[in-house]
Enquirer: 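Take a look at this one; I'll ask things after.
Reckoned from all heavy atoms, side chains included, excluding hydrogens, waters and symmetry mates. Labels below follow one simple rule: chain letters A, B, ... track the order of the sequence lines, proteins then strands, and each chain is numbered from 1.
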Amino acid sequence: SEVETNHDEL
Amino acid sequence: MNVFRLAGDMSHLLAIIILLLKIWKTRSCAGISGRSQLLFALTYTARYLDLVTNWVSLYNTVMKVFFIATSYATIYLMYLKFKATYDSNHDTFRVEFLLLPVTILALVLNHEFSFMEILWTFSIYLEAVAILPQLFMVSKTGEAESITSHYLFALGSYRLLYIFNWIWRYYTEEYYDLIAIIAGVVQTVLYCDFFYLYFTKVLKGKKLQLPA
């Protein structure tokens with residue numbers, strides 16, 4: 001499932 | 001972190017270094033679209049404001065600071081230090097045609113209607129199309145210096161490598177972010193024509209020149 005609004009990328 | 005993302009980030013880093021070195025060594029920003037560079041600075045500023053709210057890793061922080069700092073350094077070189085060499089006559093893409101739809105899209109299609117989240121979404125959509133003024137400039141002048149081509153190739157490869165990263169993450173972590181994926185695919189598709197010319201011309205030692 002989608003991890004909500006966890007922007008760990010650049 | 002996986003090999004595709006690391007390669008993507010390195011490709012992005014390389015693109016920026018190539019661009020800055022080209023401008024610095026030749027003391028000229030001829031052939032470079034200042035409008036695209038302004039859009040990139042806006043992209044990174046909007047996206048990396050989370051530097052102060054969201055700690056991911058040292059790697060993440062260092063890269064974000066690097067991307068923000070170099071985007072403003074590029075603008076400084078283009079619009080101040082080497083302003084006389086900036087080819088503004090050919091840099092005429094109307095950026096409001098990008099900014100307006102991207103802003104509306106970010107307000108409508110987002111994961112969460114909050115300030116930081118909308119800024120993040122805006123930056124993702126904007127990055128997807130930020131290269132258009134540069135590609136427009138290349139098509140208008142009908143050519144690009146080899147070093148500019150290498151810059152564009154590294155910059156285009158970065159999002160392509162991210163697509164492999166997203167496929168990898170989907171299978172290994174069951175993680176996916178549709179907004180990033182769709183925008184990333186659009187971003188990569190915009191480079192396809194350029195990639196073709198890069199492989200068929202630039203890598204064979206010829207200058208990137210469009211048919212008249």
Side-chain angles (χ1 to χ4, degrees), chain A, chain B residues 1-2 4-6 8-13 16 43-44 46-51 53-57 59-68 110-114 116-121 123-124 127 158-159 161-163 165-166 168-170 173-181 183-184:
Chain A
S1 62
E2 196 174 350
V3 183
E4 50 177 307
T5 64
N6 171 29
H7 306 308
D8 60 343
E9 291 175 346
L10 293 165
Chain B
M1 179 65 84
N2 56 64
F4 300 111
R5 220 201 99 182
L6 185 64
D9 287 346
M10 290 307 116
S11 184
H12 192 186
L13 206 65
I16 292 169
T43 293
Y44 304 135
R47 190 177 311 163
Y48 301 151
L49 278 182
D50 74 349
L51 262 175
T53 59
N54 181 29
W55 173 265
V56 178
S57 64
Y59 171 84
N60 197 278
T61 299
V62 169
M63 293 293 269
K64 284 173 174 173
V65 170
F66 180 85
F67 289 138
I68 293 176
N110 52 57
H111 292 309
E112 183 193 312
F113 199 85
S114 68
M116 291 300 277
E117 192 55 26
I118 285 169
L119 276 183
W120 178 85
T121 313
S123 81
I124 291 290
E127 186 190 343
Y158 136 68
R159 226 44 178 175
L161 288 161
Y162 256 72
I163 294 175
N165 153 57
W166 292 322
W168 179 266
R169 291 191 75 174
Y170 178 75
E173 300 168 39
E174 289 181 52
Y175 169 87
Y176 67 95
D177 185 327
L178 268 183
I179 289 178
I181 292 170

Enquirer: Of all residues at least two apart in sequence or in a different chain, which pass the side-chain hydrogen bond (donor to acceptor under 3.5 Å, both in side chains) check with B:Arg47?
Expert: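 side-chain hydrogen bond (donor to acceptor under 3.5 Å, both in side chains) check on B:Arg47 returns B:Ser123, B:Glu127.
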Enquirer: With a 4.5 angstrom heavy-atom cut-off, which part of B:Trp55 approaches chain A: side chain, backbone, both or neither?
Expert: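 No part of it gets close to chain A.
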Enquirer: Can you name the closest pair of heavy atoms from A:Leu10 and B:Met63 and give their distance?
Expert: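 Residues A:Leu10 and B:Met63, closest heavy atoms: CD1-CB, 3.6 Å.
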Enquirer: By side-chain contact (heavy atoms from CB on, under 4.5 Å), which residues pair with B:Phe66, not counting sequence neighbours?
Expert: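 B:Phe66: side-chain contact (heavy atoms from CB on, under 4.5 Å) contacts with B:Leu13, B:Ile16, B:Ile17, B:Thr70.
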Enquirer: About how many Å separate NE2 of A:His7 and CG of B:Asp50, when rounded to the nearest 0.5 Å?
Expert: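 If I round to the nearest 0.5 Å, the distance is 7.5 Å.
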Enquirer: Could B:Arg169 and A:Asp8 be called an ion pair, given the rule that one side-chain N must be under 4.0 Å from one carboxylate O?
Expert: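 Looking at B:Arg169 and A:Asp8, the cut-off is met.
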Enquirer: Which atoms of B:Phe67 come close to chain A, meaning under 4.5 Å heavy atom to heavy atom: side chain ones, backbone ones, both, or neither?
Expert: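 For B:Phe67, side-chain heavy atoms alone lie under 4.5 Å from chain A.
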Enquirer: Under 4.5 Å heavy-atom distance to chain A, tell me which part of B:Tyr48 shows up: side chain, backbone, both or neither.
Expert: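 Interface part for B:Tyr48: side chain.
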Enquirer: I'd like to know whether OH of B:Tyr59 has more than 12 heavy-atom contacts from other residues, nucleotides or ligands below 6.0 angstrom.
Expert: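 For B:Tyr59, atom OH is crowded (more than 12 foreign heavy atoms under 6.0 Å).
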Enquirer: Side chain from CB out, backbone as N, CA, C, O: work out which of these in B:Asp9 comes under 4.5 Å of a heavy atom of chain A, or both, or neither.
Expert: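 Answer is side chain: those atoms of B:Asp9 sit under 4.5 Å from chain A.
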Enquirer: Answer yes or no: is there a side-chain heavy-atom contact under 4.5 Å between B:Asn165 and A:Glu9?
Expert: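 Result yes, sub-4.5 Å side-chain heavy-atom pair found.
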